[in-house]
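A short write-up of the structure that comes next.
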Amino acid sequence: MEPAAPLNELVSAEGRNRKAVLCQRCGSRVLQPGTALFSRRQLFLPSMRKKPALDDGGSPDGDLLQEHWLVDDMFVFENVGFTKDVGNVKFLVCADCEIGPIGWHCLDDKNSFYVALERVSHE
């Protein structure tokens, strides 16, 4: 995993992503520059793995992450997939290589999709 870039290199003055957001594993583009807002919210994401392992609904190992890109419309994504419902949450995965979760979506809030900065790369 590459070292994280300083936030001022990633976040514009308007609070949007300066760079494209990419899958760390395959390099597939997840978001275009300027399409997501920087957000601090504490969310639990299970450890990175292939999509079928995320669907089992068990209590996986994971990380409590705080820095995310917030997207308000799922059609803004260039390339993202969703797991089956896990309670009232769907996890976001790379649609090409199915690694994830790279993000989180609560079914109670139809307009909030979070992509964890630590789970993606930027260019």
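Small disclaimer: the values here were computed from a predicted structure and weren't measured. When reading the values below, keep in mind they use all heavy atoms of this one structure, side chains included, and skip hydrogens, waters and symmetry mates.
- In this structure, Gln24 contributes its side chain and Val120 its backbone to a donor-acceptor pair below 3.5 Å.
- At a threshold of 4.5 Å between side-chain heavy atoms, the hydrophobic network of Ile, Leu, Val, Met, Phe, Trp and Tyr places Phe113 and Val11 in one connected group.
- Side-chain contact between Val89 and His105 is absent, with no heavy atoms from C-beta onward closer than 4.5 Å.
- Side-chain contact between Cys97 and Arg25: present, with at least one pair of heavy atoms (C-beta onward) separated by less than 4.5 Å.
- Within the 4.5 Å cutoff, side-chain heavy atoms of Arg119 are placed close to those of Pro101.
- Inter-residue side-chain proximity for Val93 and Ile102 is flagged as unmet; no heavy-atom pair is nearer than 4.5 Å.
- Partners of Cys106 according to the side chain to side chain contact (heavy atoms under 4.5 Å, CB included) rule, which considers only residues two or more places apart in sequence or in another chain, are Asn88, Trp104, Asp108.
- Clustering ILVMFWY residues whenever any of their side-chain heavy atoms sit less than 4.5 angstrom apart, transitively, puts Val86 in the very cluster that holds Tyr114.
- Here the side chains of Arg29 and Asn79 are not in contact, with every heavy-atom distance at 4.5 Å or above.
- Here CG of Asn17 is found 4.5 Å from OG1 of Thr35. Values are rounded to the nearest 0.5 Å.
- Expressed to the nearest 0.5 Å, how far CG of Leu64 lies from CG of Leu43 amounts to 8.0 Å.
- Between Asp96 and Cys23, every side-chain heavy-atom pair lies at or beyond the 4.5 Å cut-off.
- Rounded to the nearest 0.5 angstrom, Arg16 CZ and Leu31 CG are separated by 10.5 Å.
- Note that CZ of Phe38 and CD of Glu67 are 4.0 Å apart. Values are rounded to the nearest 0.5 Å.
- Using a 4.5 Å heavy-atom threshold, the side chains of Leu107 and Asp85 count as touching.
- Criterion: ILVMFWY side-chain heavy atoms under 4.5 Å apart, direct or through other members. Under it, Val21 and Leu117 are part of a common hydrophobic cluster.
- Interatomic distance, CD of Glu98 versus SG of Cys26, reported as 10.5 Å (0.5 Å rounding).
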Please report the C-alpha distance between Glu123 and Lys19 in whole Å, then the side-chain angles of each, then the deciding distance to 0.1 Å, and finally whether the side-chain contact (heavy atoms from CB on, under 4.5 Å) criterion is met. CA-CA 5 Å; Glu123 85 166 10; Lys19 300 180 178 185; 5.7 Å; no
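- Asp63 CG to Glu118 CD: the interatomic distance, rounded to the nearest 0.5 Å, is 7.0 Å.
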Going by atom type alone, with no hydrogens or angles, which donor-acceptor pairs under 3.5 Å involve a side-chain atom of residues 68-78 and a protein atom two or more places apart or on another chain?
from, atom 1, to, atom 2, distance (Å)
His68, NE2, Arg41, O, 2.9
His68, NE2, Leu65, O, 3.2
Trp69, NE1, His122, NE2, 3.0
Asp73, OD1, Phe75, N, 3.0

